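So the structure is just underneath, and the comments pick up after that.
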Amino acid sequence: MMTLDSKIPPGPLETKWDRRRFTEKLVSPGNKRRLNIIVVGTGLAGASAASTLGQLGYQVKCFCAQDSPRRAHSIAAQGGINAAKNYQDDGDSVARLFYDTLKGGDFRSREANVYRLAQVSTQIIDQCVALGVPFAREYGGQLANRSFGGVQVARTFYCRGQTGQQLLLGAYSALCWQIERGQVTMHPRTEMLDLIVIDGHARGIVVRDLVTGQMTAHMAQAVVLATGGYGNVYYRSTNAGGCNVTATYRAWKQGAAFANPCFTQIHPTAIPPADTHQAKLTLMSESLRNDGRLWVPIAPADRRFPEEIPLSERDYFLERRYPRFGNLVPRDVASRAVKAMCDEGRGVGPGGHGVYLDFADVIERQGLEVVRERYGNLFEMYQRITSEDAYRVPMRIYPAPHYTMGGLWVDYNLMSTIPGLFVIGEANFADHGANRLGASSLMQGLADGYFILPYTMGHYLASAPPSSLAEEQRASCAAVERVTGRVATLLRGNGRRTAASFHLEVGKILWDHCGMARSRTGLTGALEAIPALREEFWRDVAVPGSGEAFNQELEYAGRVADFLEFAELLCHDALHREESCGAHFREEYQTTDGEPQRDDDRFAHVAAWEYRRNDSPVLHKEPLVFEFVQPTTRNYQ
């Protein structure tokens, strides 16, 4: 029977993390040299974890599907990283960052985890500066800050519109140092296809070499998954094309609980798609809402050019509806408001799927060069994609799937329900609740990798039971055989449809019925349509080529097969949660003015799902106990 023990330390909120670090068992430096750790993923969470564990003396094997660790999707993050430094003297503090994050997630996350994240945030900036990350600075040399949605202070550190890239390069440099020292062995162009479990403990992984097709098993004393989120289950999202659910989903099938999969964030500021078959959407950073103003024409179906519409005929709808926060409301709030404007027929651009993000006021007030200095690369990217100059005409933006707050369940030590399997960054569910505030994903990834996992990993390794060589050989051979059989089944597919066509179809089902809005009727229909589509996939998919060579169609088909199974779990979770909270908006549960309506009596819990072969997943609940902050109505008006 699966049990959910969060292992939260007792005592005051401010001392829980210090208490945990003091009571954790340690591994001596001499013993660390004899311990092997596998890290899957080289984004901010994976690279920071691998480099830090290597620096501590562990022998680390690090795997990524890209040709280089610096191609991880973390590089795409644009706007910034939060930290409670209070450089602006505007009232920020660890307590305020904790409260803003808890409230931003609509009180659906653990207090202890969120407070620790706020505490650690101050260390992250110092670490990154030491690694050479070129944060923006004020004239006098002090690090600059700007605001993001859902807060009323400026706590976001940034590198123009390239923050993720610069942070990843910093983590990559630390990783390269450990590779040079021989503490980390890098395995690029490899994809994890299964988890090896021995006597209930995670002991290794099976990977496929994406160039040669060779299947191999790698064993270790612990496994770390830092494989990101599953936003591409929607087919069209702001995620890189290679982002997938395979590693976490395969771990789920080996016994790791999957928590809150329905908590999927829709980002309000993406460039609208050009056509229905476009596979990738481009994000326009939330930082643009610092200075850009969202508006639509007051009159429906107004097709005039934006410069021809006078101020009196414009609706600055976020400023009108949320006067306290204006354009800097949280992402879920802004996304629903944008969708509402388009549903009313007041959307702009092709098909009416867009609203204006206008910078005319700030350009007039502060000058073109100031805007160019803050956001220049974002404006260049927008112009390359749309052929429009956003310095002269407003951007057009529309919501798109972006980040996933759900993920594998972990305790306070970042360990899953499988002992020895640690999950960090976006791959776990831990810190953001039902909605992530902007600039907090980079914060969480680096907090987990640099400052949390290195402490908690040692406690597990100090007491983990050893496994025998015979057990490891038997388990690894069985796992390789299992994965090889699955790949062979895919290659036997000689149907008429591509994997991409199935991905597009399941993505549309989810977008229509489990996207920005959900309902019992829609979710029930999706749960009928997805299994039928999955059956058709295995009957009619075409996978050309072989498994003994470079074969991107095979890679993709395997990921789509996992999406087709995971989509059903996502809808089960959304159907179970009969409330609206954060990014999970059930149409049956809303206030009279269209705001989400939580049900704290029935759903103040983490929904953790257990895999059951040939049966529906089993729900386990971790109650969310609020000792220090009482949940209130999340009001940004």
Side-chain angles (χ1 to χ4, degrees), residues 1-3 25-41 49-50 53-54 56-63 182-187 190-209 212-227 246-257 408 413-423 453 456-489 547-548 558 610-613:
M1 182 67 180
M2 180 180 288
T3 58
K25 295 179 181 179
L26 300 176
V27 179
S28 70
N31 286 335
K32 286 176 182 174
R33 291 193 296 270
R34 292 189 284 272
L35 296 174
N36 298 302
I37 299 171
I38 287 172
V39 177
V40 186
L53 292 169
L56 287 173
Y58 296 107
Q59 296 298 315
V60 180
K61 290 183 178 180
C62 192
F63 298 82
Q183 295 300 126
V184 176
T185 303
M186 194 66 228
H187 296 269
T190 56
E191 181 175 25
M192 172 185 162
L193 293 181
D194 215 340
L195 179 72
I196 299 173
V197 179
I198 300 175
D199 293 334
H201 289 252
R203 285 288 183 260
I205 62 173
V206 177
V207 299
R208 179 177 181 269
D209 187 306
T212 68
Q214 182 182 11
M215 299 284 188
T216 53
H218 297 261
M219 309 304 292
Q221 278 71 45
V223 177
V224 181
L225 295 188
T227 51
T246 291
T248 50
Y249 188 74
R250 302 289 174 87
W252 180 62
K253 296 181 80 169
Q254 292 298 325
L408 292 184
N413 288 353
L414 303 182
M415 190 161 68
S416 72
T417 51
I418 301 176
L421 177 64
F422 293 81
V423 190
L453 180 72
T456 61
M457 173 69 76
H459 179 77
Y460 169 76
L461 293 173
S463 54
S467 57
S468 69
L469 181 60
E471 288 175 320
E472 291 183 359
Q473 288 178 334
R474 186 166 53 250
S476 61
C477 288
V480 170
E481 185 178 347
R482 183 169 63 242
V483 171
T484 303
R486 182 181 175 88
V487 170
T489 303
E548 286 73 46
E610 179 184 3
Y611 174 73
R612 291 290 175 87
R613 190 181 302 275

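Index from 1, following the sequence. Since the structure is predicted, the reported quantities are computational estimates derived from the model, not experimental observations.
- Looking at heavy atoms from C-beta onward, M215 lies in side-chain contact with L193 at the 4.5 angstrom threshold.
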Next on the checklist: side chain to side chain contact (heavy atoms under 4.5 Å, CB included), that's the test. Do T216 and D209 meet it? Break it down for me.
Outcome noted: CA-CA 8 Å; T216 53; D209 187 306; over 6 Å; no

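- Residues satisfying the side chain to side chain contact (heavy atoms under 4.5 Å, CB included) criterion with S476, sequence neighbours excluded, are I196, A217, M219.
- Minimum heavy-atom separation, V207 to I205: CG1-CD1, 3.5 Å.
- Taking a 6.0 Å sphere around CD of E471, one finds it holds more than 12 heavy atoms contributed by other residues, nucleotides or ligands.
- Panel note: side chain Q183, backbone G57; a donor-acceptor pair is recorded below 3.5 Å.
- Between the T246 side chain and the M192 main chain, no donor and acceptor come within less than 3.5 Å of each other.
- For T3, there are no side chain to side chain donor-acceptor pair (under 3.5 Å) partners two or more places apart in sequence or in a different chain.
- A side-chain hydrogen bond (donor to acceptor under 3.5 Å, both in side chains) with D194 is found for one member of R482, R486, R208, R250 and no other, namely R482.
- Applying the side chain to side chain contact (heavy atoms under 4.5 Å, CB included) test to E610 and every residue at least two apart in sequence or in another chain returns M2, R612, V618, H620.
- The minimum heavy-atom distance between L421 and A256, with the atom names listed, is CD2-CB, 4.1 Å.
- The backbone N or O of E472 lies less than 3.5 Å from no partner atom in the side chain of S467, so there is not a single donor-acceptor pair.
- Taking each heavy atom of Q59 and G182 in turn, the nearest pair found is OE1-O, 3.6 Å.
- With sequence neighbours left out, T185 forms a side chain to side chain contact (heavy atoms under 4.5 Å, CB included) with H187.
- Closest approach of Q254 to I418, counting heavy atoms only: O-CD1, 3.7 Å.
- The heavy-atom pair separating L461 from A222 by the smallest distance is CD2-CB, 4.1 Å.
- The only option from H201, K25, Q221 that meets the side-chain hydrogen bond (donor to acceptor under 3.5 Å, both in side chains) definition with Y460 turns out to be H201.
- The two atoms that bring G420 and M415 nearest to each other are N-SD, 3.1 Å, heavy atoms only.
- For A226, the side chain to side chain contact (heavy atoms under 4.5 Å, CB included) test picks out A45, I424, with sequence neighbours left out.
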Please output the side-chain donor-acceptor pairs of residues 29-40 that fall under 3.5 Å, not counting sequence neighbours, one pair per line with the distance.
unit_1 : atom_1 : unit_2 : atom_2 : d
N31    : OD1    : R34    : NH2    : 2.3
N31    : ND2    : S28    : OG     : 3.2

